[in-house]
Structures are given as C-alpha cells and as structure tokens.
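Just so it is clear, the model here is predicted, and its values are computed rather than measured.
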Amino acid sequence: MQEPETSAHEAHEPEATRRAAGVTESARANRGWWDRNADEYQTEHGTFLGDDRFVWCPEGLDEVEAELLGPTEELKGKDVLEIGAGAAQCSRWLLRQGARPVALDLSHRQLQHALRIGGSFPLVQADAAVLPFADGSFDLACSAYGALPFVADPRLVLREVRRVLRPGGRFVFSVTHPIRWAFPDEPGPEGLSVSASYFDRTPYVEQDEEGLAVYVEHHRTLGDRVRDVVTSGFRLVDLVEPEWPDWNTSEWGGWSPLRGHLIPGTAIFVCERD
C-alpha cells in the first residue's frame with residue numbers, strides 16, 4: 001500500500017499541484033519516486049506490514065480473516081500474481097499457504113527489499129500495464145495499493161491482468177477510497193472538512209523546479225472504478241470498505257483512527273474473469 005510522502009532525498013522541495021499527467025509521465029515519475037523512497041517507506045511501514053503478512057490497507061484488514069482471494073485452504077497450488085508488490089510481503093504469505101506467487105513491481109529498489117527479506121519465488125520488475133507473461137498464466141492476481149492509484153489509465157492494467165488470468169480467475173485490488181479525494185490528506189481534525197470537488201479527476205502531481213513530475217497519483221470516482229472493472233472484462237463480485245478497527249491506533253499518512261471511524265479510507269474491489 002502506498003501514499004504520497006515528501007522525499008528526504010530531493011534536493012529541492014517538490015511543488016504539489018493538480019494538473020494533467022499522461023501514461024508515460026506518470027510511469028516515469030512513479031518509478032523514480034519509489035526507487036528513491038523505498039528505503040524510507042520500508043523503514044516507516046515495515047513493522048506494520050510485517051515480512052510475511054497479507055495486509056490490504058492501513059485499516060489493517062488481513063487476508064487471513066478477509067479471504068477475499070477465496071478460502072485460505074484453497075490457495076495451495078494456485079499461481080498468483082502480486083502487482084505493485086513492494087517488498088513482497090503478500091507473496092511471502094501466499095507462499096506459506098502453498099501457493100506459487102510471482103511478485104511484480106515497477107521499482108527496482110522495492111524489489112531489492114523483497115530480495116533482502118528473502119523468499120523462494122520470482123521477483124519481476126515491470127510495468128503493470130505491460131505484463132511480461134503469457135495469456136492465462138495465473139489463477140489469481142492481487143494488488144494492495146499497488147499500481148492502480150498511480151496509472152493514468154487503469155483500464156490498461158485491468159485488461160492486462162484479465163489477459164494473464166485463466167478463465168474464472170479472480171483479481172482483488174485495494175485503492176484509496178475515492179471519497180477521500182474531497183478531503184485534505186491530514187490525519188487530524190483538519191482532514192474532516194471537504195476542501196475539493198469529489199468529481200475533479202485532475203491528478204495530484206509533485207513536480208520539480210523545472211516542472212517535471214516526480215510523483216503522480218490519479219483520482220477515479222467510485223463509479224469510474226466500477227466502470228473500469230466492467231468494461232475491462234471483469235465481473236465485480238464485491239466492493240469492500242473496511243471499517244477502522246478499535247485495535248488499530250496507528251497513523252499512516254492521512255489515515256488515522258479519528259478519520260477512520262468517520263469516513264472510509266480504502267476501497268477493495270473483488271473481480272472475476274468469466
């Protein structure tokens with residue numbers, strides 16, 4: 001799972017703005033951002049994520065309880081693609097269930113962290129919109145805050161995932177809940193008042209002093225996400241909006257107990273290929 005943070009490695013503070021950003025610019029900016037910020041991200045969030053847990057979101061929803069990919073006992077022997085894997089924590093959990101995971105990420109540095117932690121499964125650096133796999137290679141695919149929030153056209157990713165899934169295959173992905181785009185990205189009381197139009201799809205961009213994007217995140221309304229899923233050839237099985245549990249006292253960027261008890265922070269789409 002991923003969210004914008006200011007890089008400690010930038011020589012100049014990037015400018016935050018809302019402007020258009022296409023497929024190529026978004027991919028280039030986010031590959032560079034995650035390569036620069038992977039160390040900080042894993043240091044800050046590694047304990048929460050664990051080395052071999054499958055956590056869907058900052059709310060802490062765990063696949064052990066959620067079983068969004070299906071009953072845990074049925075994962076054995078399944079070929080599973082994790083997209084936007086980061087340090088591949090979810091793939092490591094899948095391996096322990098007897099599945100055959102493949103962890104894919106755009107960032108080379110994120111995959112170096114996956115290699116550091118270890119695990120006997122393939123690590124692949126590739127763009128989620130151009131998956132380097134044959135048709136029908138996987139039974140399942142999953143993405144916990146990976147790829148989908150950061151691509152200019154999520155349908156490119158969804159169609160690629162559908163292509164590499166076998167008939168009846170399931171794809172489950174989590175993203176920032178679209179309603180959160182209407183609120184400031186702050187964990188405290190200032191993050192509880194609407195400050196922007198929910199219907200403004202203009203991307204959030206951090207750019208350098210020359211105007212080049214160094215981070216891009218894209219907004220889709222809830223209806224947009226549903227249409228993206230359906231027009232890409234999937235059937236939407238479930239839409240999960242995790243509630244904030246009482247045990248979770250941690251803050252993660254704009255996610256916090258205060259906000260989490262009042263407005264949704266995550267949307268999880270459970271999709272199946274016919």
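Under the 4.5 Å side-chain heavy-atom criterion for grouping Ile, Leu, Val, Met, Phe, Trp and Tyr, L95 is connected to L123 within one hydrophobic cluster. When the side chains of ILVMFWY residues are joined at heavy-atom separations under 4.5 Å, either directly or via intervening members, V226 and I268 end up in two distinct hydrophobic clusters. Cluster annotation: L239 and V230 are assigned to the same hydrophobic cluster (Ile/Leu/Val/Met/Phe/Trp/Tyr, side-chain heavy-atom contacts under 4.5 Å, transitive). A chain of hydrophobic side-chain contacts below 4.5 Å, direct or via other Ile, Leu, Val, Met, Phe, Trp or Tyr residues, connects L222 to V194. Tracing side-chain contacts under 4.5 Å through hydrophobic residues (I, L, V, M, F, W, Y), one never reaches L69 starting from F234; they form parts of separate clusters.
W56 has its side chain out of reach of P242: every pair of non-hydrogen atoms, C-beta onward, lies at least 4.5 Å apart. For the pair C271 and L236, the minimum side-chain heavy-atom distance is below 4.5 Å. Between V23 and L156 there is a side-chain heavy-atom pair separated by less than 4.5 Å. The shortest side-chain heavy-atom distance between E74 and E67 does not fall under the 4.5 Å cut-off. The side-chain heavy atoms of E217 and T176, taken from C-beta on, include a pair separated by under 4.5 Å. L258 is listed as a side-chain neighbour of P189, based on a closest heavy-atom distance under 4.5 Å.
Between the side chain of R18 and the backbone N or O of D200, at least one donor-acceptor pair lies under 3.5 Å. Judged purely by atom type and a 3.5 angstrom limit, R225 has no side-chain atom pairing as donor or acceptor with the backbone of V175. Looking at R92, its side chain never comes within 3.5 Å of a backbone N or O of G119 through a donor-acceptor pair. A distance-only check finds no donor-acceptor pair linking the side chain of R28 to the backbone of T24 [under 3.5 Å].
With no hydrogens or angles considered, a side-chain donor-acceptor pair links R109 and Q112 at under 3.5 Å. Judged purely by distance below 3.5 Å, without hydrogens or angles, the side chains of S107 and D105 never pair a donor atom with an acceptor atom. Side chain to side chain, R19 and Q207 meet the donor-acceptor criterion of an N or O pair below 3.5 Å.
Here the CZ-CZ distance, from R201 to R220, works out to 7.5 Å after rounding to the nearest 0.5 Å. The distance from atom OG1 of T221 to atom CZ of F199, rounded to the nearest 0.5 Å, is 7.5 Å. How far OG of S232 is from CZ of R227: 12.5 Å, rounded to the nearest 0.5 Å. In this structure, CG in L212 is found 8.5 Å from CD in E209, a value given to the nearest 0.5 Å. To the nearest 0.5 angstrom, L75 atom CG is 12.0 Å from R100 atom CZ. With values rounded to the nearest 0.5 angstrom, S91 atom OG is found 11.5 Å from D52 atom CG.
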**Request:** Might you work through the side-chain contact (heavy atoms from CB on, under 4.5 Å) test for S26 and H218, ending with a clear yes or no?
**Result:** CA-CA 9 Å; S26 299; H218 292 268; 2.8 Å; yes
**Request:** Please test L94 against L140 for side-chain contact (heavy atoms from CB on, under 4.5 Å), starting from the C-alpha separation and ending with a verdict.
**Result:** CA-CA 11 Å; L94 288 162; L140 301 166; over 6 Å; no
**Message:** For V64 and T72: C-alpha separation, side-chain torsions, deciding distance, then whether side-chain contact (heavy atoms from CB on, under 4.5 Å) applies.
**Reply:** CA-CA 7 Å; V64 170; T72 302; 5.8 Å; no
**Prompt:** Does the side-chain contact (heavy atoms from CB on, under 4.5 Å) test come out yes or no for E63 and V172, once each step is laid out?
**Reply:** CA-CA 11 Å; E63 179 63 9; V172 184; over 6 Å; no
**Prompt:** Does the side-chain hydrogen bond (donor to acceptor under 3.5 Å, both in side chains) test come out yes or no for Q110 and Q125, once each step is laid out?
**Reply:** CA-CA 9 Å; Q110 283 282 56; Q125 183 184 6; over 6 Å; no
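Taking every heavy atom of both residues into account, R273 and L165 meet most closely at NH1-O, 2.6 Å. Across A213 and V205, no two heavy atoms sit closer than the pair CB-CG1, 3.8 Å. Minimum heavy-atom separation, G233 to R162: O-NE, 3.0 Å. When every heavy atom of W244 is checked against every heavy atom of P58, the shortest pair comes out as CH2-O, 3.9 Å. For the residue pair S137 and D79, the shortest heavy atom distance occurs at O-CB, 3.7 Å. The two atoms that bring L158 and L148 nearest to each other are CG-CD1, 4.5 Å, heavy atoms only.
Between Y145 and W255, the ring planes are perpendicular. Angles over 60° get that label, and only those under 30° would be called parallel.
Residue pairs meeting the ring pair (Phe, Tyr, Trp, His ring centres under 6.0 Å) criterion with at least one member in residues 89-128, sequence neighbours excluded, are F54-W93. Residue pairs satisfying the ring pair (Phe, Tyr, Trp, His ring centres under 6.0 Å) criterion with at least one member in residues 155-192, sequence neighbours excluded, are listed as follows: F171-F173, F173-F269, W181-H219.
Contact check on R53 versus D62 returns a salt bridge, with a Lys/Arg side-chain nitrogen under 4.0 Å from an Asp/Glu carboxylate oxygen.
Of the options R166, K78, R170, a side-chain hydrogen bond (donor to acceptor under 3.5 Å, both in side chains) to D139 is made by R166 and by none of the others.
Atom CG of D135 has more than 12 heavy atoms from other residues, nucleotides or ligands within 6.0 Å.
Residues passing the side chain to side chain contact (heavy atoms under 4.5 Å, CB included) test with L131 are L81, L104, F133, E160, V161, R163, V164, sequence neighbours excluded.
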